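Working notes, beginning with the structure itself.
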Amino acid sequence: MNKLSRAQAILADLIRFPSISVDSNADIIGYLQDALTQVGARVTLQHDATGAKANLWATLGPEVDGGIVLSGHSDVVPVADQDWSSDPFEMVERDGRLYGRGACDMKGFIACCIALLPDLDVSALKRPLHFAFTYDEETGCLGAQALVGLLRNNPLKPSIAVIGEPTEMRVIEGHKGCCEYTTHFTGLEGHGSAPDAGVNAVEYAVRYVGHLLEVREALKMRAPHGGRFDPPWTTLNIGGLHGGVAHNVIPGKAMVEWEFRPVQPSDYDYVTEEVRAFVGEVLLPAMREVHPDADVVTETIGEVAGLEPMERNAARDLVLALIGANDVDVVAFGTEGGLFQSLGMDVVVCGPGSIVQAHKPDEYVEIAQLEMCLNMLDGITARLMEAQ
């Protein structure tokens with residue numbers, strides 16, 4: 001079986017694991033662990049607090065600094081309420097495309113990484129090849145945040161990380177951060193005929209959303225001059241507003257789900273201060289005037305740093321050379337790349353498939369993209385066999 005056929009077969013296996021973020025990823029991580037241990041990799045599993053999810057960190061080659069990390073997340077988004085043409089957890093090939101949940105985001109890249117192993121001469125590696133497969137990227141990069149904590153104490157210091165998110169094999173050197181929150185409102189229930197006797201949590205949540213929308217407009221005026229992102233400013237999105245039990249009941253509970261994607265650290269400070277001041281100086285005093293125990297509490301789902309474009313970036317330069325490209329770009333969607341950059345690594349994002357297909361019904365990756373990815377990975381392993 002050639003390497004491309006092997007990658008397709010592995011991808012079919014990976015798609016069969018319904019590793020939706022809310023569920024355990026133990027089965028898919030076990031599959032990847034087996035494949036890596038069979039070729040002699042040193043594998044470490046890092047479990048979450050529940051024990052149901054795990055990151056996988058594996059190393060092939062000598063125990064020295066200067067290695068290269070191949071990074072991908074094992075979780076996928078849900079398929080509920082999506083209209084698929086076929087079973088989303090059974091890979092289907094049509095017209096040069098491989099369909100299935102996670103095909104491009106991002107099991108296609110992981111399949112290519114594992115397809116390398118049978119032909120890899122591990123004894124020839126002069127620098128290590130590392131694999132980082134994480135949990136819960138889709139829900140705030142929780143796994144990668146935990147993995148970074150582990151790697152800070154690792155005596156081996158990789159120099160490069162390649163994040164295989166779907167970029168159509170374009171070289172991406174930067175992206176915005178991603179900060180996700182759920183804000184909980186606690187008011188005072190009562191009969192709808194006497195609204196002034198209660199604290200309507202939904203109404204205060206609506207006022208909160210209104211202020212967030214004002215902040216969103218102000219962020220457009222803060223766009224850095226010459227910004228390369230599209231759009232060039234920090235975006236803010238309201239993902240959900242929940243609350244209420246009946247038409248005639250003053251709701252005592254409400255919840256707002258929201259996120260923003262900063263293009264610069266000062267925008268993070270601006271948003272958090274604007275929200276803090278509005279809650280502390282406007283909402284809470286009004287709520288507690290009626291009910292002293294009223295409250296507004298914001299739960300941080302995830303705060304992931306952006307990937308900052310760097311003038312000197314060995315990861316970018318390596319991948320450009322390997323795929324024969326000259327152009328680099330930035331993207332609006334987030335990855336785990338900024339977390340690896342925080343460890344001092346040079347980071348690039350490059351992987352098979354298109355982000356346009358991610359999270360949609362009938363998600364697919366083109367077979368030609370997998371072939372391009374395999375060629376890039378062959379080049380990476382060849383570089384690791386060269387003397388420094």
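Keep in mind that what you see is a predicted model, and the values were worked out from it rather than measured.
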Quick one: does [X]'s side chain have a donor or acceptor within less than 3.5 Å of a partner on [Y]'s backbone?
X: K107; Y: G102; answer: no
X: T186; Y: K253; answer: no
X: R316; Y: E311; answer: yes

Are [X] and [Y] close enough that some pair of their side-chain heavy atoms sits under 4.5 Å apart?
X: L343; Y: V148; value: yes
X: E173; Y: E308; value: no
X: I172; Y: V328; value: no
X: I160; Y: V69; value: no
X: L384; Y: P128; value: no
X: L212; Y: L236; value: yes
X: N154; Y: W57; value: yes
X: I68; Y: P158; value: no

Going by distance alone, is a donor N or O of one side chain under 3.5 Å from an acceptor N or O of the other, for [X] and [Y]?
X: H191; Y: N248; answer: no
X: T234; Y: K220; answer: no
X: S74; Y: N25; answer: yes
X: S5; Y: N2; answer: yes
X: T134; Y: H73; answer: no
X: E303; Y: Y268; answer: yes
X: T183; Y: Y208; answer: yes

How long is the span from the [atom1] atom in [X] to the [atom2] atom in [Y], to the nearest 0.5 Å?
X: Q264; Y: F229; atom1: CD; atom2: CZ; result: 10.0 Å
X: C178; Y: N237; atom1: SG; atom2: CG; result: 10.0 Å
X: L370; Y: K3; atom1: CG; atom2: NZ; result: 13.5 Å
X: F89; Y: R16; atom1: CZ; atom2: CZ; result: 13.0 Å
X: M345; Y: N313; atom1: CE; atom2: CG; result: 13.0 Å
X: K176; Y: F333; atom1: NZ; atom2: CZ; result: 12.5 Å

Run the side chain to side chain contact (heavy atoms under 4.5 Å, CB included) check on D27 and S19 step by step: do they pass?
-> CA-CA 8 Å; D27 290 341; S19 52; over 6 Å; no

Pairs satisfying salt bridge (charged side-chain N to carboxylate O under 4.0 Å, His left out), at least one member in residues 320-348, at least two apart =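 Applying salt bridge (charged side-chain N to carboxylate O under 4.0 Å, His left out) to every pair that reaches into residues 320-348, excluding sequence neighbours, yields R170-D329.
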
Intermediate values then yes/no, salt bridge (Lys or Arg N to Asp or Glu O under 4.0 Å), E63 and R42 = CA-CA 10 Å; E63 295 190 22; R42 304 180 292 280; 3.6 Å; yes

Verdict with reasoning, D362 to S85, per side chain to side chain donor-acceptor pair (under 3.5 Å) = CA-CA 7 Å; D362 291 342; S85 301; 2.8 Å; yes

Apply the side chain to side chain contact (heavy atoms under 4.5 Å, CB included) test between L14 and each candidate in V76, I114, L32; give the one that qualifies.
->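 Result: among V76, I114, L32, L32 is the only option passing the side chain to side chain contact (heavy atoms under 4.5 Å, CB included) with L14.
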
Can you spot which of I10, L129, V122, V39 makes a side chain to side chain contact (heavy atoms under 4.5 Å, CB included) with L117?
->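 The residue from I10, L129, V122, V39 that satisfies side chain to side chain contact (heavy atoms under 4.5 Å, CB included) with L117 turns out to be V39.
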
Can you name the closest pair of heavy atoms from [X] and [Y] and give their distance?
X: R228; Y: P309; result: NH1-CB, 4.0 Å
X: V349; Y: L307; result: CG2-CD2, 3.8 Å
X: S86; Y: R94; result: OG-NH1, 4.3 Å
X: I110; Y: G72; result: CD1-C, 4.2 Å
X: G244; Y: P251; result: CA-CB, 3.7 Å
X: M376; Y: F109; result: CE-CE1, 4.3 Å

For [X], is the [atom1] atom crowded, meaning more than 12 foreign heavy atoms sit under 6.0 Å from it?
X: R312; atom1: CZ; answer: no
X: E273; atom1: CD; answer: yes
X: D34; atom1: CG; answer: yes

Taking the six-membered ring for Trp and the full ring for Phe, Tyr or His, determine whether the centres of F17 and Y31 are under 6.0 Å apart.
->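 Yes, the ring of F17 comes within the 6.0 Å limit of the ring of Y31, centre to centre.
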
Centroid-to-centroid, F185 to Y204, below 6.0 Å?
->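 No - the distance between ring centres of F185 and Y204 does not fall below the 6.0 Å cut-off.
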
Could you see if [X] belongs to whatever hydrophobic cluster contains [Y]? Use Ile, Leu, Val, Met, Phe, Trp, Tyr and a side-chain cutoff under 4.5 Å.
X: L70; Y: L45; answer: yes
X: L339; Y: V331; answer: yes
X: F260; Y: V256; answer: yes
X: V79; Y: M91; answer: no
X: M372; Y: L11; answer: no

Any chance you could lay out the salt bridge (Lys or Arg N to Asp or Glu O under 4.0 Å) test for E214 and R216, step after step, and finish with the verdict?
-> CA-CA 5 Å; E214 292 176 1; R216 181 168 74 180; over 6 Å; no

Step-by-step side chain to side chain contact (heavy atoms under 4.5 Å, CB included) determination, I163 to V348 | CA-CA 6 Å; I163 315 297; V348 68; over 6 Å; no

Do the rings of F131 and F133 sit parallel, tilted or perpendicular, given the 30° and 60° boundaries?
->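 If you compare the ring of F131 with that of F133, the planes turn out tilted.
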
Salt-bridge criterion met for K360 and E363 (N-O under 4.0 Å) =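 No, no charged N to carboxylate O under 4.0 Å.
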
Evaluate salt bridge (Lys or Arg N to Asp or Glu O under 4.0 Å) for R288 paired with D295, printing each intermediate quantity in order.
-> CA-CA 8 Å; R288 289 175 175 172; D295 208 356; 3.1 Å; yes

Salt bridge (Lys or Arg N to Asp or Glu O under 4.0 Å) evaluation trace for R6 with D119 = CA-CA 11 Å; R6 188 186 304 139; D119 299 332; 3.3 Å; yes

Decide yes or no on side chain to side chain contact (heavy atoms under 4.5 Å, CB included) for Q8 and E93, but give the supporting numbers first.
-> CA-CA 10 Å; Q8 293 181 65; E93 179 180 349; 4.0 Å; yes

